[in-house]
Student: 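Have a look at this one before I ask anything.
Keep in mind the model is a prediction, meaning the values are calculated, not measured. Chain letters run A, B, ... following the sequence lines, proteins first, then strands; residues in each count from 1.
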Amino acid sequence: MPQPLKHSLYVKGTTEQQSKQDFVSGLRGFLLNDMAANMKECFESEVQPQMIRDQKKLETGEDVHDAIKSKNVFKFYSSMRYNAQEMVWRNALRAIHESKNELDSRINAIKNEQSASKLHLDPSLAIPKNVSSVDVHLAPGSYYREDGSANWVGGALYDHGLNIFSFGMMGSNLDDIGQSMAQYIRKKFPDFAPKTILDLGCTIGHNTCAWKITYPEAEVEGIDVAPACLRYGNARALDQGVDVNFKQMDASALSFENESVDVVFSSMFLHELSVKNIKRVLAEAYRVLRPGGLMLHMELPPNDSLEPYDAFYLDWDAYYNNEPFYKAFRDQDFTQLRIDAGFQKDKLIDFITPQYTYMDSETYTKAIKVDADIDENTGRLAEGIQWFGFGAWK
Amino acid sequence: MTSADQNFNLNTRGKRPAFFASSETDALMTALLETMSQLWATRAQVNLLQKALIGKGLLTAEELENIQRSDNEKADEHQAMQNFFADAFRSMGVPTQSLASRKKEIDDLQGETKNEADP
Ligand SMILES: C[S@@+](CC[C@H](N)C(=O)[O-])C[C@H]1O[C@@H](n2cnc3c(N)ncnc32)[C@H](O)[C@@H]1O
């Protein structure tokens, strides 16, 4: 169930709206756990044996997708997931709409006090095609949505939508990914003391703030191309008392100096770029990193590490959730991508981490002592989820 | 609502995928889920009102908005929701038969019964 967000920009909505949000959240939980299990069972008991009998190719997610499309369970699962996704945004938008003026005053009050030095917008930067050509994740107006003077709506939509979408699985401050990744590095590499940390595609900075909390001494910068998200994220961080700089910048053309950053991080970002752009972003990361610095991306696991069914399952979003680059990215060889960007093969890191904010620090430390392998729970929003990180030291 | 409010977009750009053989079914699914969501919200409202009426008699709107559910009650609600899903979606994805095959089955059964009744 969605929990109240821990900042003053949270729109509670009426009890009726809250119940509708609970419903969508609960529905997603049901679909991604129970109904997904039914679909897998249908694959194993009907589709796969039939494919074997018919001597059909069963090597990739696409092979599974082609074969399962005609099954009722796929149709219902897909139809309900698609509708549920629309309902996530519609419910969030209705609540935001009703509190628009109040929220506007709250954001302005925070802005007037302290934000100017922490927010750098660049009106000359165009919204890139990967963000503007479709409503990403089916979110009406995508990340950069602005509604007249309410030029922060895209950010509020992401925050409130993610809260409904994640049915309590992203942490009580929606920052479990950031906290888990940063804590993993801190605990595994206790001597590493980054001075500058950069988060690419930070959206509203919820996971960026986690790095500042983990490494309070560091200067933390979040960059994104969507000004609506940066404005909102700036107010959100200030409201929570976390000191992060937000900059409107394209990750494929960073304005940071060569060798000026210690950590280049991103979460759930690369899969929203074309392969050409991913290569540019990784090369930029290499350029701006100081020797000894770390590039780290939290992402969905590559398709070559997955069984065909699990690849199909994750690729659903590419086809039906307006994530056009999702599959092409996950079809890449993640090792080669890093080597092509300039990193050395013996300096690559790949890991799986459990959810830091769902356990005490000691249990977490013990859990990451054991190297875990990618499995069907990796990156998949359902019970037992684990996050996947890959990167390299420079 | 001002005209600017009417422009507050709730819709996703682009065409919706048709998962079913007929687009009517896709549209019905949307209507079904929205109806379920409204029903869920209404059910929650009724629960709240009942609680208020039983506990305190007549209440102000503000008091009504501030009624909190305990963790146990939330867990019960969650379970009720899962049961609701199990009921509402029970026919999805299960084997079905055409009307012709059903008729044949019934006819066959009737035939068997007839035969049994025959001396
Ligand atoms: C799925 S969101 C990332 C979410 C966030 N990092 C998290 O952890 O939840 C992808 C973000 O990348 C941004 N983005 C897309 N292309 C970009 C680019 N070329 N440079 C910088 N940001 C970009 C989008 O505006 C969006 O905010």
Student: Would the Phe19(B) and Tyr77(A) ring centres measure less than 6.0 Å apart?
Tutor: no
Student: Please check if the side chain of Arg16(B) supplies one atom and the backbone of Asn83(A) the other of a donor-acceptor pair under 3.5 Å.
Tutor: no
Student: Is the charged tip of Arg90(A) near the ring of Phe8(B): under 6.0 Å from the six-membered ring centre and within 45° of its axis?
Tutor: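 Verdict for Phe8(B): no cation-pi partner in Arg90(A).
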Student: Can you tell me how far apart OG (Ser37(B)) and CG (Leu27(A)) are? Round to the nearest 0.5 Å.
Tutor: 9.0 Å
Student: Check each atom of Glu77(B) against the heavy atoms of chain A and say whether the ones under 4.5 Å are side chain, backbone, both or neither.
Tutor: neither
Student: Measuring heavy-atom distances to chain B, does Val134(A) have an atom under 4.5 Å in its side chain, in its backbone, in both, or in neither?
Tutor: backbone
Student: Over all heavy atoms of both residues, which pair between Trp40(B) and Ser19(A) is shortest? Give the atoms and the distance, please.
Tutor: CD1-O, 3.4 Å
Student: So for Lys75(A), is it side chain, backbone, both, or neither that comes closer than 4.5 Å to the heavy atoms of chain B?
Tutor: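 Answer is both: backbone and side chain atoms of Lys75(A) are under 4.5 Å from chain B.
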Student: For chain A, which candidate among Asp26(B), Thr12(B), Thr42(B) shows the most heavy-atom pairs at distances under 4.5 Å?
Tutor: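 Looking at each of Asp26(B), Thr12(B), Thr42(B) in turn, Thr12(B) comes out on top.
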Student: What distance separates Asp135(A) CG from Asn11(B) CG, expressed to the nearest 0.5 Å?
Tutor: 10.0 Å
Student: Please classify the contact of Asn322(A) with chain B as side chain, backbone, both or neither, using a heavy-atom distance under 4.5 Å.
Tutor: side chain
Student: Measuring only between side-chain heavy atoms, which start at C-beta, is Leu10(B) closer than 4.5 Å to Pro140(A)?
Tutor: no
Student: Using heavy-atom distances under 4.5 Å, tell me whether Asn38(A) contacts chain B through its side chain, its backbone, both, or neither.
Tutor: neither
